[in-house]
Amino acid sequence: MRLWHEYLIPQLPRQQLLGQHRELAALRGNGWGRKHATVDYVFDHSPYKLYQFHLLVLHTMQERGYTATP
């Protein structure tokens, strides 16, 4: 699992962008607070920051015409 820098989100190829969405959804769901060697740093910050980052990914997906199920 990896989180790309926010400035790279618009440049990510389709598969990486969709993968980012999946990973964010997992972190925001039952994965919040669970130890993970690559992304433990996100738990040092407010969950709201992760939410904002997820909105950026969703916005980029919408701009490209992708649809995400609620």
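Heavy atoms only: backbone and side chains are in, while hydrogens, waters and symmetry mates are out.
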Pair L18, M61 - check side-chain contact (heavy atoms from CB on, under 4.5 Å), show working. CA-CA 8 Å; L18 296 177; M61 289 172 61; 3.7 Å; yes
Could you check if a side-chain atom of [X] sits within less than 4.5 angstrom of a side-chain atom of [Y], using non-hydrogen atoms only?
{"X": "R64", "Y": "L17", "result": "yes"}
{"X": "Q20", "Y": "F53", "result": "yes"}
{"X": "L24", "Y": "L58", "result": "no"}

Rounded to the nearest 0.5 Å, how far does CD of Q62 lie from NE2 of H59? 7.5 Å
What distance separates W4 CH2 from E23 CD, expressed to the nearest 0.5 Å? 9.5 Å
Sequence neighbours left out, cut at 3.5 Å: what donor-acceptor pairs do the side chains of residues 5-14 make with other protein atoms?
residue : atom : partner : partner atom : Å
H5      : ND1  : Y7      : N            : 3.1

Please say whether more than 12 non-hydrogen atoms of neighbouring residues, nucleotides or ligands are located less than 6.0 Å from OH in Y66. yes
